[in-house]
Structures are given as structure tokens and as C-alpha cells.
There are 4 protein chains.
Amino acid sequence: MPKRNHFISQLAHVELLSPKLEESVKFFREVLGMEESGRVGQSVYMRAWGEFFHHSLKITEAKTNGVGHISWRAESEEDLLDAVQYIENMGCGKGWIDGDLGHGRAYQYYSPDGHLEEIFWEVELAEIPDHLKSKWRSRPQKNPSRGASVRRLDHVTLWTSDVTRHTNFYKELGFKHNEGIVIPNGTEVGSLLAVSSLSHEIALFADFRKEHGQLNHLCFAVENRDQVLETADYVVDNGYRLEMKPFKHAVGEAFTTYAIEPGGNRIEIYGGSPLYFAPDYGPKMWKVEENPNDAWDEVNIFESAQFDSIKEKA
Amino acid sequence: MPKRNHFISQLAHVELLSPKLEESVKFFREVLGMEESGRVGQSVYMRAWGEFFHHSLKITEAKTNGVGHISWRAESEEDLLDAVQYIENMGCGKGWIDGDLGHGRAYQYYSPDGHLEEIFWEVELAEIPDHLKSKWRSRPQKNPSRGASVRRLDHVTLWTSDVTRHTNFYKELGFKHNEGIVIPNGTEVGSLLAVSSLSHEIALFADFRKEHGQLNHLCFAVENRDQVLETADYVVDNGYRLEMKPFKHAVGEAFTTYAIEPGGNRIEIYGGSPLYFAPDYGPKMWKVEENPNDAWDEVNIFESAQFDSIKEKA
Amino acid sequence: MPKRNHFISQLAHVELLSPKLEESVKFFREVLGMEESGRVGQSVYMRAWGEFFHHSLKITEAKTNGVGHISWRAESEEDLLDAVQYIENMGCGKGWIDGDLGHGRAYQYYSPDGHLEEIFWEVELAEIPDHLKSKWRSRPQKNPSRGASVRRLDHVTLWTSDVTRHTNFYKELGFKHNEGIVIPNGTEVGSLLAVSSLSHEIALFADFRKEHGQLNHLCFAVENRDQVLETADYVVDNGYRLEMKPFKHAVGEAFTTYAIEPGGNRIEIYGGSPLYFAPDYGPKMWKVEENPNDAWDEVNIFESAQFDSIKEKA
Amino acid sequence: MPKRNHFISQLAHVELLSPKLEESVKFFREVLGMEESGRVGQSVYMRAWGEFFHHSLKITEAKTNGVGHISWRAESEEDLLDAVQYIENMGCGKGWIDGDLGHGRAYQYYSPDGHLEEIFWEVELAEIPDHLKSKWRSRPQKNPSRGASVRRLDHVTLWTSDVTRHTNFYKELGFKHNEGIVIPNGTEVGSLLAVSSLSHEIALFADFRKEHGQLNHLCFAVENRDQVLETADYVVDNGYRLEMKPFKHAVGEAFTTYAIEPGGNRIEIYGGSPLYFAPDYGPKMWKVEENPNDAWDEVNIFESAQFDSIKEKA
């Protein structure tokens, strides 16, 4: 096992595109319990109550929904520069930007399918209004107990035209390949990769026809499974709709529920996933027939219409 | 912020010393729900149900209780060799051993106070008997639902004669200094350090008189706070005794309970601690007067007799 | 509102019929965590760990599955005699039996569809073996932490050819009619009735063709929703199958999961249902279109094949 | 066992006295998550989100804190009249009042120590503003997720000069005597009594010197133990103080925490208590030495100053 790159310390933020900016902001504020921490032009910046950084979500008004960019924080300034050199050698670099609200200069690059990503080091901490400040140093602010009251950003899941190629791309950047899903002919159709002890910060699903755009979903974490159940109550009793009611993934073992935010992006709220520390933990390869999406059920999500391009290949 | 060393991937196992080997084994099996995975000489090896490695606990018969050694797994074979070179330069190396049941060759070294530690790469996975094998690839075995049914080893807490010096020692090895505790004269009396996104894999408490030996406690994690409560029921209703009934730490935010195992070692069972990804998250420095040990109470643990040596210095 | 009868204090036990007696006993012992408390002829008596009475479940070997009888405990000896007089006046009495293992003489009677029920007063408390005795007087025995580890019997749900008629039958016996379900033509197809502050001890579903036999399901309670989730893990990882994975009922608000025990009877495990104290709380009448079975979903259980006889009537 | 009276269906509401009316109202609104449902003169009426009645708490401005009156709802109009006749025969009746905001005429009477109580039948349901109405018929309104977000009133605990005499008083009114506490000389110093399947709606503690006034505490229920823990976080992080941090009672088995509201009344928030259906469940008699207050600890609450009058008698 070769030495692993350690450029990246965490998934810092994700930019979502929304055709209904204010309705999306309201959803993340009311349903997920997040705070607004800034606005610039057509973008609103938000953070979860347990996050110390300026924001973990940027929502930008756009004609269609989807992901704007995915932003990773480096391990240090020196690691940032090492990463840039490495990425430039990989040939997928786009170049430096001066930074954005909440963080300093960032180097942008593309995944093989063209998802825009960036890496930066200098970060601004959230300024917490006095009435929200917590008594405890481990909390940047009080728990607002609003809707799901998510504690932090967890991961982003992307559609890709070639799961194996993208898996290798992230592994080069230092990600651990923890779990994968294959169809009977051996083609990889799902992949979970992590930079930290989380189950995954990035997951990949196959869309061989490239018909879904780039974002499968964005996930925020609550503190336990009971909070996922309370979230379901909140969502349904406040006139929103669950896309998938609470259930348990077999991959990653998280207990989870999904909703579509008003801009059309799929949002996962989840809790209770175990941690994986070993760099050689994976890849645990699941057969699609083992129903890795649902630990308790015999219904296979890959039978659903969104995975039609997989069935053609199987 | 300088580039951080990434030699270590995780806390792999801890060796406890016990004057009552079989009673200790019974405690970890019945009360914590762990499995025995091997015996050599006067040592018994155990693992929690969620752990893939051969063992996370080695209990060795000895005249007194305490910690035998603390064992870290490297990030790769190459990282192991880098670590050894680094440790030798630090001047605290002891030398290679051939390995032990469950892992390959390991390099041993001493902390400033002489705690014995080691680092290794090659590890043996647990052999799970057929009747315990789990249906899910993310679990090495079924949850046995026995006692606390801890999922994994979490951290070890040591007594040290010089918290600041030991903090620096672990920082050199790549640990993040997440939280600390100071007394009014500015002396550091507590410290929490992590190699992963856990709150801490190692914590340090000051014992300026060196009267407590080396081990404060060893901690295993359950999956949520309700399981801590169920553990308390189990412990008390089965004739064991809680040293501290369930409460919440302010440092690290974990919900926790403590018991003394029959060999005399303090064991913590805890759940619900948040994760910390930023290398510059800390150190969050708590004043001892802020009661960092107990989030909800006004009783200061540092007032208790075990911290007498701190009071002299304050 | 007329004065309500208070003959009955609780649902005491239910007799299930099973073509596979020993496999059924094993299921209730291993999956639900119940204890065997006696055997007579082809019957095995079982109790949950939180129950003080001799048993809450009697399983009797039979050619087909189903319910043998449903047994209610009176409020006192005098109430028992009052109940008998009342039932005899209703014209549905069958007569006294001398009692059974675990209780004294009982008066048996029939529901309009012929479900056999009984009422008794004298009860025998469970004899708890020393090693299972609890330290706490509020617990007859220690929590065994085995499978679902259900705390107590909760309710029984029956198929009936005439929900309204059966609802009135139970109301005469003193049950509160808490909730009901109607189809668009106004016909009642579901009914929940309680003698205590539980949501219901008896529920009724319409089977106009009388094709299902008499038992829809038998339900046992765990202490909270997280224990329902742990139950699902246990069931699936031990080779059993969930008939319905965890979800939340809108009626009664319980969080629930279902399995079929080896004898073919449907068993519900549930937790987190609120209490209803007011005698005029109900009936809260739900339209079948409001999906009273599933609080979070838009799939209507009454669309499933088992409710075909309802669709004909709608 | 004689036939038990069934006049009473539930604890309907309690009137607290507060020298700081608006601060008390703010506490119940913000910390317990209750709603204001009316004001008359110096009284404010409040209800928990899960309650259908107009109110479960009346707070009246007064020079000192304490309990104004305790209000029980009858089982029916006829039961109300039967109760009145019965109470008049007991010789403790005070007489009818015309009713109050939220309920019809009520008959008032005194406990042996002079606690004012009342019983009524006609009740007004809460008018829920449209934006708070729940989708589910089992909920009068949405869960506001504000502070503890208590679901309902649970019980009231009183100081009495003669526990045995008061226990008999409530038994005459139909209460089940579930649990009791005795000191070594056999004197009863604690008692728990229930009209429903709750552990208790009324509890009694001995104050032989009558120095504490009449109210020990008022208790509201949340849905599970984790919500008690979240309540503790909320209370402490919002500048209030816990009188007792979360722990588990042995009597009644509830998991609990206590705070003092600004008016000086002790408020308990608790969850997870089991149900008791048998009229002859109790009395389970605990010795004070068995520490019935705290299931996990060896500290005896009866050693504290508030129980000095007990120690004199022991």
C-alpha cells in the first residue's frame, strides 16, 4: 500500500445552484435549521449550528439546480501548495481564484466529468451574534432546535459517467476508497470515498447516459437516529415532502431520510454512521443484488428508473 | 501552521495490566460485550463487535493494575519507517519487536514520563466464527447485545507529570491539540489530542506528584447516548458499580459513564461525541473554573482528591 | 356521555396458535427476548422481562396459525362478577373455566365474529429465577438484552366482518373508542379501542369476505424508537425477515416494525406511542385517503392485496 | 381487594403561584416549549403541544410561590356527581365553583393538609391557530421544537405532614397506591399514586415540620430519555440552571432532570417511565436506604437538608 496523500483535511463547503434562491434559503433555514452567514450578489452563504467556519453551504441563483462547486480545505498552507502542484501534474487544474466570502485564495480544478472543485487553506470563522453564542467552547453557537437542526455538512454524492475513473481520481488526491457497488458484469456503479474517519465525504453513482446532471444529493448530519425521525415529523407536518422516508443504508450504515429542497436538489439528513479509521478498510465491494442501499429491505433501489442506464450495462 | 506528520492512522489497541486476569476478562466480555480473540501466556486479547482488527484490548496479568503499552497503527509501511526515523531523532526510541498476536513488527518508544508506546503497520483481521458473521460488509460481526455492547475502542487517558511537555511530544508525532485545561496560574493541567476526526485518542491529566501511576482511564464507544443509559442499568442491575453515573463532559461533549473493572482500572463508556476535522480547531483552552469535565453541573471534578497535586500548584 | 364500565384493568395475555410450536417459542425467546414461564400439554407460556404476571403469551400447537383466545384481567373480584352478569345479559357468554396456568377461574365469551375472549381476576405472579432478579422493585427481572427485548404486551389487532358492530361490542365492555378509519362511502374499516391510557389494546380491521382468519397481528412494546431500529438490525442480521421495515403509524403515532413468526402469525414491535387519558378523546376518524397507517408516506396500505375486500365496498 | 372508584380520568391541570408572573410564563414558554392559551386577571393559562384541552397549567401571580389548586377531570358528568357525593361524605368538600377559563363547573375540596383540589367534567378544547395545526389527528398541534418541547403534564408532587393519611385519602378517591418509601422505624415518608396507567399522577413526600409549603414539584413529560438530555443542554446553554442534572429515579424508573422556574417552583422534565396497569401492582415499598430516588447512585437524597424532618423521625 503506497503512502497516501494528506493534502485535504475536510469537505469545507458545497455550492448548490437553485432556480428559487429565497425558497431554497428558507428551506435550509427552517427545515435544516441552518443560519445565514452572508450574501454576495446572487449567492447566500449558510452554516450549520455546529460548524466553526463561515459557511458550509453556498446557494447561488441559477436557471437549473445542481452543484456549483465542491470545496475542500487543505491540511496547511504548505499542503495546499503541494496539492496544487500535484493537481497540475494530473492535468486537471483550472487555476487560482482570489477566494470567496469566508475563505482565502483557492485553487480550482475539474473532475474527469467536469465537476468543479477547489482547495484552499485560509478560512474565516463564523461571527456568532451574542444571543447565539454557546457557553461551551466545543460549540460555535447554541443548538437552535429548528427543524432538523443539522450539526454539520457530511458529504456530497455525484453522478458520474465512469465510477472507476472517478474513484481513481479521488484516490490520487488522498481519499480512502471505503466501499463500492458492482453489477453482475463487474462494472463499478457506486463508490464511497473519505478523507477523514467519516464513511465518506464523496460518493459516486453511475449515470452512463449522463442524463441526471452532476448532483445526486448533498447530505447534512444530525447527532443520532432519533433526530432523523424527528426530522421526518417536522418535514411532513410542515407541508414539505419526504422523497424517501427514514430507513437505513447498508453501505455506511447511516440511518437516513431524503427531501427535495424547493430548488430541486435532493437533500439527505442522516445520523448514526460509524467511523472508519483504517486506510485499508476498503474497498468493501457490494453486489448490487445485495441491496446495499437499504439494510432492512428487499427492494433494490437500482431497480428504480433513475438507474436505467445501469440496467442497460448490467 | 507547519505541515503535520501523518504517520499514524488510528489507536489500534491498549494493553491493560490486571491483578485479576480472569475477572477482568469476564468484565470486558459481560459488561462491555467484547469478544475474546486469543490467549498467549498471561495475556488475553479482546475486540469489540464493530472492530475488524484482531484485537483492541490486551489484558495481561500483573501485580498491579495500569497500562502496559499503547499501540498505534501507521498509515502505511512507508509511514511506519518514516515514523521510526522521526522517533529515533526525537531520542525516545526503544527499538523493534517482532510483533504480537494480531500484528506484525512494531517499533516501541517512550513518552517523556515513560509510558510505553508502539507503532506498527501489518495487522491481522479478526477471524469471526460463522455464527457471529454479519450480513453487512460494514460490520465484522453481529452486534451481540451483551451489556454495553461497545462498538469500538475510543481513547486512552494518562496521568502525566508535565502536561505541556507531553502535549508537545504528541504534537510532534502528528496529533492535533484539540482542547486543553489550565489552572489560574496558567499551568496546563489537561490536554486532549487526536490523530483522526475523533475528539481525542489520547488525553492527559496532570499528576504533579506522580502518585497515580500512568493510567487515568481507557474509553470504549457505544453508538449513542441512550446506549450509555442502558449501560448504566446493566452495570448496576448486575452487581457492578458505577464510579460516575451518566453525565456529559463539556470537553469533547461526550455523554459518558465510568466503572472500575475488577482489576482496578477505570473504564469509560461513552457516546455522542462530535467530530473535529480542522487541524487548527484547537487548542480550545478551558479554565478549570469553567468546569470542563461536567457540562451541566457546578461541581468541579478538580476539587476531588485525585487532583490534589493540581491544587498545590494552582 | 354515559358512565363507562370499568370491569377491565388490562390486556393480560393472548393465546397464539402455531403449527410450529418449538420454532415459534424460539422466535419469541430469541427475537423478542421473552422468557418461557411454563409448559402444559401442547402449550408454552411466555412473558416479557418487564411483566409481573406469570405470562402474557400462550402459544399452542395447532394445524393453522391464528389467535386462540384473548384474555382480559378484571379490576377486582367484584368487577369480574359484574362483568360476567353484564356479558351474560349481552347474550355472548360461553361460561366459566377453572383457570389456566398462571391465573384463576375465568369467564369466557365470544365477540360477534366468534373471537374467543375471557376475563379473570386471580393472577399468579411470575417466579423469577435468582440470577434474573432485578435490584429495582419496579422491575420483576433484569432486562435480558436479547433481541428486541420487548418490555410488555401492548395490543392485539383482529380481522372482523363488521368493524362498527365490533366497535360497539367493545364499547359496551368499557373500551374507549379512540380512533377509526372510514372509506369514502362512510363504512368504518378500522377501529382502535383502549381500556387504559394506551392508544389501544384492541384494534379492528375490516375483512368483509372473512378470508384472513381472525388475527391481523399481536404487538409487543419496547421502550423507545431507537429500540425499534435495533430490533430491525437484529431481525435481519439473524436471518429472519421484516415484513414491514421500521416506519411510523399516523394512527396512534407509534414507531413500528413487523415480522412474521415461524408459525405464520404477524408480530409487531413498537415504541413511542403517546398516551390518551380522556374518555372522550375519540373517536378521531381518519379517511382511508389520509393514509392513517403511515405518517410519512404517500403509499396507502389499504391499496395492498390484503384489503381487497375493502376496495369492493368502497 | 375492594372495587375501586373510577370518578377521575386524568390530572387535568395544576395552578402554580409565582411572584414573577411574566418571568414564569417566559420560562414555561421558552424552556418547556409550552403555548399560552389565555389570560384572565393575574393568571396566565398554558398548554403543552401534545395536549388537546385548553390548558394544563395556570400560573397566578402571588406573593410566594407554591401550588394554587390541583384539578382532576371526571370520567363523565355522572361520575362527577358521584364524586361530589362521595367527597361530601368524606367531609372535606369546599363546594362548587362556576368553572374557569377552559372548563365548566367544578367541585372543590381539600386534602387533609389543606391542598386545594377540584374535579370537573366539561372541558373546552384548545383553539389552535392555523399555522400551528398538525396534519395528524393524534396531535392537536405541531411540535414546536422549542426548549424541552414537553408533550404533556405528567404529575404533581406534594409535601405532606402525614404521608400515610394522604395516601389513604387519595386511595379513597380511586387512586392506585403504586409505590412507597419507608424509614427504618416503619414510618412512610414517600408515596406514589395513580389514576391511570402512569407511574403516578400524585406523589407525596413527608415534611413533618411543615416547613416547605405544599409543593415539592410539578412534572411535565417529554417523549424519551434523549429529549431529557437535550433539555439539559438547552437549559444550561440558555443561562438557566439545573437543580439536578439528568439522572434516573428508581421509583417509577423515569429518566429526569429538575430546574427551578423564576417564580421559585421546582419543575421536573422527564421521560421513559414504564406503565403500570394492575390495580394491585403496588404498593412496592422501598426502604429509604435502598436509595429509591436514584437508580444508579449511592448518594441518598433523603440525607439532604430538605429531608431534615424525616431524619428526626427515623
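In what follows, chains carry the letters A, B, and so on, assigned in the order in which the sequence lines appear, proteins first and then strands, with residues in each chain numbered from 1.
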Determine, stepwise, if the pair B/Trp72 / B/Phe175 fulfils ring-ring contact (aromatic ring centres under 6.0 Å, His included).
CA-CA 12 Å; B/Trp72 307 95; B/Phe175 286 71; 4.9 Å; yes

Could you check which of [options] has the highest count of heavy-atom pairs closer than 4.5 Å to chain B?
| options | result |
| --- | --- |
| A/Ser138, A/Gly252, A/Gly271, A/Ser196 | A/Ser138 |
| A/Gly282, A/Gly272, A/Pro274 | A/Pro274 |
| A/Gln10, A/Glu78, A/Arg4, A/Glu253 | A/Glu253 |

Measure across B/Asn293 and B/His249 and return the closest heavy-atom pair with its distance rounded to 0.1 Å.
O-ND1, 2.9 Å

Do B/Tyr270 and B/His155 have their ring centres less than 6.0 Å from each other?
yes

Given a strict heavy-atom distance threshold of 4.5 Å, which part of B/Arg137 is in contact with chain A: side chain, backbone, both, or neither?
both

Residue part contacting chain A, namely of B/Leu11, when any heavy atom lies under 4.5 Å
neither

Heavy-atom pairs under 4.5 Å with chain A: which of [options] has the most?
| options | answer |
| --- | --- |
| B/Val251, B/Leu275, B/Asn224, B/Asp280 | B/Asp280 |
| B/Lys135, B/Glu179, B/Arg151, B/Glu77 | B/Arg151 |
| B/Tyr276, B/Phe52, B/Trp286 | B/Trp286 |
| B/Leu198, B/Val195, B/Asp226, B/Asn178 | B/Leu198 |

Looking at A/Trp136, is A/Lys142 sitting on its ring face, NZ or CZ under 6.0 Å from the six-membered ring centre and within 45 degrees of the normal?
no

Find out whether the Lys NZ or Arg CZ of B/Arg139 is both under 6.0 angstrom from the six-membered ring centre of B/Trp49 and within 45° of the ring's axis.
no

Could B/Asp294 and B/Lys248 be called an ion pair, given the rule that one side-chain N must be under 4.0 Å from one carboxylate O?
no

Decide yes or no for B/Met34 and B/Ser56: does some side-chain heavy atom of the first lie under 4.5 Å from some side-chain heavy atom of the second?
yes

